[in-house]
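Notes to accompany the following structure.
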Amino acid sequence: MICVPITEATQAEAIGAILRIAPVADAIELRMDLIRDGDLPHLIDAARRASDRVRVIVTCRRPDEAILPVNADPAPRKKAIPKAAKMKLLKETIRLGADFADIELAEGEKSIRTLLSFRNRQKSKTQIIVSWHDIVSTPSPARLKEIFRACESTEPDVIKIVTMAKTPQDNLNILSLIPYAKARGRKIIAMGMGEAGKLSRAMAPLLGSALAFAVLPGGKASAPGQLSVGVMRRIQNLLGNDFPRTQHPHPGAEEAQNFVLLGNPVRHSLSPLMHNTALSAMNLKGHYSAYCVTDVEAAIAGIRGLNIRGASVTIPFKTEVMEYLDDIDPDARALGAVNTIVNTNGILTGYNTDWLGLMQAIQDVLTPRGKTFAILGAGGTARAAAYGIAKAGGHPLIVNRTQDKGRALAAHFGCPFYPLDGVGKIKADVLINTTSVGLYPQLSVSPVDASILSHFAYVLDVIYNPLKTKLLRDAEAKGCQTISGLEMFIHQGAGQLKLWTGQDAPVALMRKTVRERLEAIESGN
Ligand code: ATR
């Protein structure tokens, strides 16, 4: 079972997190010590409404056994919740029929027994977890067994022992508790926290630990070293398939693999034309369709339910979609935007091929290393450009109309900033327009004056409708080499097809097809 902790600071945020997490996790842990105004009946109710199979653990962790979530805002409370209030909450947990109530061994045998007999009297199905945490180190194997036996003597349903792992050996020490518990017929949750403990997090479920804690990408970890749900499931699938989730077999390679575009609006998108042309040239069954989305969370659930193999994500969902995925590729995470989703046996991973497409368009014409690139704009496309250029050894500089926004992006990449009206002072190898100035129907508008274009050897416009923007026409007239936005569009699409199918896409055919359609649109046919 994979459990995602709910560590949000307020009731409203916690409900939001539950609605997102409950459909993808096997269990959620309500950290009532962190959810300040947490109203237990409503939280449990939200979980039940979000999923009829998710299990609910209620925990009110003692401060001396808790590691506070990183970057928590506002700072979580550090004061202990009074014992009487905690017991009341755990009894309420039992009355409400939550699946598990967690109480620390440190609360004393009397309190634990009180809770167990209350549960029995109530004939509640709530299982009692007796837990012990060392947030600083991992004790010796002998000491760990003593602690285990102390927990065992209170006769709980589940024993949970979590320590801070500092060395590879600590992983083995904590993991050794699992076979020990099994031999004594006890259910156990055991793992090591911290970077060094990641190994034990991955291995514990395979050895028989009843629960593994994980986070959603972008979610707040409740302890250091927590892996994402996607990574955890992948480990299980690769090594043991210990935690099968309610899922039906994935279609085999011979069956149709379908793809979708999620955006709003999508009516004028050329992605379906480009991808369907490519899919038939690649002899692949399956179809690519565009959907105008109003609820991105529901759209992602649809991808899972319909076994859609992959998706393109476009404006305005490239950032929002991230929180609904199981895993995010490091480049997409660094960019804070996903334009591609790959569905591998129900695990959705987000990627970004926008920056790759832009870099491929540039690299087809020049070598970026050591060259200077003036980037017009400070939005998502400018960020992707600066990221790719810096990664390829080039030197970006940001030029933007709104100075604060431009300065912030430049500061992020440690590069110079120029206000748009100072663009004439810049001398760079390449000028890249990422603003929407010159987009159809603005056929006679350019983001910069034609007179400054002689300062650049190359000019790239990310706009591909029209194929030749006023900026590119001016640049050609000044003798610059130009790169059309069509190149970026084709290469980002080819990057998607490679991720979805593992095969190289027919780039020349895709370019020809989209170019012809754009020319037809421009000539009014
Ligand atoms: P994207 O994610 O595609 O990059 P965006 O986030 O909307 O799109 O960013 C568009 C960029 O184009 C912004 O930097 C914007 O400048 P401001 O920060 O000043 O708003 C720029 N832009 C849009 N219209 C513009 C115009 N008429 N003149 C100059 N810059 C413009």
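Along the sequence shown, residues are numbered consecutively beginning with 1. In each ligand, atom 1 is the first atom listed, and ligand 1 is the first ligand listed.
- Heavy atoms only, all atoms of each residue included: Arg48 and Val54 are closest at NH1-O, 3.3 Å.
- The 12-atom threshold is not exceeded at NE2 of His42, counting heavy atoms of other residues, nucleotides or ligands nearer than 6.0 Å.
- With a heavy-atom cut-off of 4.0 Å, Thr402 touches ligand 1 through backbone and side chain alike.
- Using a 4.0 Å cut-off between charged side-chain N and carboxylate O, Asp354 and Lys318 make a salt bridge.
- For atom 6 (O) of ligand 1, a protein non-hydrogen atom is found at a distance below 4.0 Å.
- Residue-level proximity to ligand 1 for Leu376 is absent, since no heavy atom of it falls below 4.0 angstrom.
- At least one protein heavy atom sits closer than 4.0 Å to atom 27 (N) of ligand 1.
- Heavy-atom contacts of Val437 reach the following atoms of ligand 1: 25 (C), 26 (C), 27 (N), 28 (N) (cutoff under 4.0 Å).
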Run the salt bridge (Lys or Arg N to Asp or Glu O under 4.0 Å) test on Asp26 and Arg55 for me, step by step, so that the C-alpha distance in whole Å, both residues' side-chain angles and the decisive distance to 0.1 Å come before the verdict.
CA-CA 6 Å; Asp26 302 308; Arg55 271 165 275 176; over 6 Å; no
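- Checking Thr469 against Asp461 by side-chain atom types alone, a donor-acceptor pair falls below 3.5 Å.
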Show the numbers, then the answer: is there a side-chain hydrogen bond (donor to acceptor under 3.5 Å, both in side chains) between Thr402 and Asn400?
CA-CA 6 Å; Thr402 307; Asn400 199 45; 4.6 Å; no
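- In this structure, the protein non-hydrogen atom closest to atom 9 (O) of ligand 1 is Gly379 CA, 3.5 Å.
- With a heavy-atom cut-off of 4.0 Å, Arg401 touches ligand 1 through backbone and side chain alike.
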Stepwise side-chain hydrogen bond (donor to acceptor under 3.5 Å, both in side chains) check, Tyr288 with Ser312
CA-CA 10 Å; Tyr288 181 105; Ser312 310; 2.6 Å; yes
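- With hydrogens left out, the protein atom closest to atom 22 (N) of ligand 1 is Thr435 CB, 3.7 Å, a heavy atom.
- Within a 6.0 Å sphere centred on CG of Asp404, heavy atoms belonging to other residues, nucleotides or ligands number 12 at most.
- In this structure, Trp355 and Tyr387 have perpendicular ring planes: the angle between them is above 60°, well past the 30° mark.
- Of all the atoms in ligand 1, the ones that sit under 4.0 Å from a non-hydrogen atom of Gly380 are 1 (P), 2 (O), 4 (O), 6 (O).
- Closest protein heavy atom to atom 16 (O) of ligand 1: Asn400 OD1, 3.3 Å.
- Near Gly377, the atoms of ligand 1 lying under 4.0 angstrom from a non-hydrogen atom of the residue are 14 (O).
- Across Leu409, Val399, Thr381, heavy-atom proximity to atom 4 (O) of ligand 1 is greatest for Thr381.
- Ranking the protein heavy atoms by distance from atom 13 (C) of ligand 1 puts Lys405 NZ, 3.8 Å first.
- Note: no N/O pair closer than 3.5 Å links Leu420 and ligand 1 by distance alone.
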